[in-house]
Amino acid sequence: MLRTVELEDVLAISERKPVLVAFIRRGRSASGQIETMEMISRRHGPELYCCLYSFKNIELGMRHFGVRGIPSFLVVLNGREVDRFIGLAEPQDMERLARNGMQASYHASFHGGEELFDFD
């Protein structure tokens, strides 16, 4: 099951590993997105933290990361966004986000935390 997080959780966890965070509204269309996030979490759990942003304070997170629409999915590493997908994501879209986040973490670990993000 995915945890619901606040801004400070995302920033703290991203210091240790990449975070795939979903900004979504609960509802019928969200259930498929949550199921896909849970699948990604099971598949990449040790290397990637997957979570849902708390809906009660979602505006704070949206302002911080410049999110303008829901649903949106962000990968955050060391407090900074490294990738984003806007709209209803297919499993392959979330898998790409997961891979990019883990690749960014791998590169940062070999470059003294220096971020080298150019995946597309």
Side-chain angles (χ1 to χ4, degrees):
M1 184 162 146
L2 296 173
R3 287 195 46 216
T4 301
V5 296
E6 301 284 343
L7 179 59
E8 59 271 6
D9 301 319
V10 173
L11 297 176
I13 296 165
S14 75
E15 295 296 322
R16 299 186 307 275
K17 65 168 108 178
V19 176
L20 174 55
V21 59
F23 289 84
I24 58 177
R25 295 192 201 291
R26 301 242 182 223
R28 193 176 323 146
S29 64
S31 64
Q33 302 292 280
I34 292 171
E35 289 172 12
T36 302
M37 287 280 291
E38 288 173 340
M39 178 206 51
I40 296 294
S41 181
R42 285 190 301 274
R43 184 177 295 157
H44 301 293
E47 296 89 23
L48 179 76
Y49 188 84
C50 296
C51 54
L52 304 173
Y53 199 90
S54 171
F55 195 71
K56 70 177 184 171
N57 292 321
I58 201 164
E59 291 82 16
L60 175 65
M62 290 176 72
R63 268 194 315 274
H64 182 84
F65 290 109
V67 172
R68 294 196 177 114
I70 294 177
S72 289
F73 303 87
L74 277 63
V75 176
V76 180
L77 180 63
N78 295 324
R80 294 181 53 205
E81 177 184 335
V82 297
D83 204 355
R84 171 184 299 226
F85 186 89
I86 301 167
L88 292 174
E90 296 293 328
Q92 63 269 17
D93 300 320
M94 286 197 211
E95 184 64 38
R96 181 189 57 79
L97 287 171
R99 280 194 319 270
N100 287 351
M102 292 181 296
Q103 186 178 4
S105 179
Y106 175 81
H107 285 290
S109 70
F110 281 98
H111 293 82
E114 202 177 302
E115 294 151 351
L116 307 171
F117 311 123
D118 186 20
F119 302 110
D120 293 326

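Index from 1, following the sequence. Everything quoted here is computed from the prediction, not taken from an experiment.
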Check [X] against [Y] and note the closest heavy-atom contact, atom names and distance.
X	Y	result
C51	V19	SG-CG1, 3.6 Å
A98	I40	CB-CG2, 3.9 Å
L52	V21	C-CG2, 4.4 Å
T4	S54	CG2-CA, 3.2 Å
P18	L77	N-CD1, 3.8 Å
E6	D9	N-OD2, 2.9 Å

Name of the residue among F55, F73, F85, Y53 meeting ring-ring contact (aromatic ring centres under 6.0 Å, His included) with F23: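 Only one option passes, and that is Y53.
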
Going from [atom1] on [X] to [atom2] on [Y], what distance comes out if it is rounded to the nearest 0.5 angstrom?
X	Y	atom1	atom2	answer
E59	M62	CD	CE	7.0 Å
L2	Q33	CG	CD	11.5 Å
M102	L48	CE	CG	6.0 Å
S41	H44	OG	NE2	10.0 Å
M94	T36	CE	OG1	5.0 Å
M37	I24	CE	CD1	7.0 Å

Can you find a heavy atom in the side chain of [X] that is under 4.5 Å from one in the side chain of [Y]?
X	Y	result
R42	E38	yes
N78	E15	yes
M39	P91	yes

Side chain to side chain contact (heavy atoms under 4.5 Å, CB included) assessment of H64 paired with L11: CA-CA 11 Å; H64 182 84; L11 297 176; 4.0 Å; yes

same_hphob_cluster(L88, V67) at 4.5 Å side-chain heavy-atom cutoff: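 No, L88 does not connect to V67 through the hydrophobic network.
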
Transitive ILVMFWY side-chain link I86 to I70, under 4.5 Å: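 No, I86 and I70 fall in different hydrophobic clusters.
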
Side-chain H-bond candidate by donor/acceptor type, Y49 with R3, under 3.5 Å: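 R3 and Y49 do have a side-chain donor-acceptor pair below 3.5 Å.
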
Donor-acceptor under 3.5 Å (N100 side chain, L97 main chain):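 No, because the side chain of N100 does not come within donor-acceptor range (under 3.5 Å) of the backbone of L97.
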
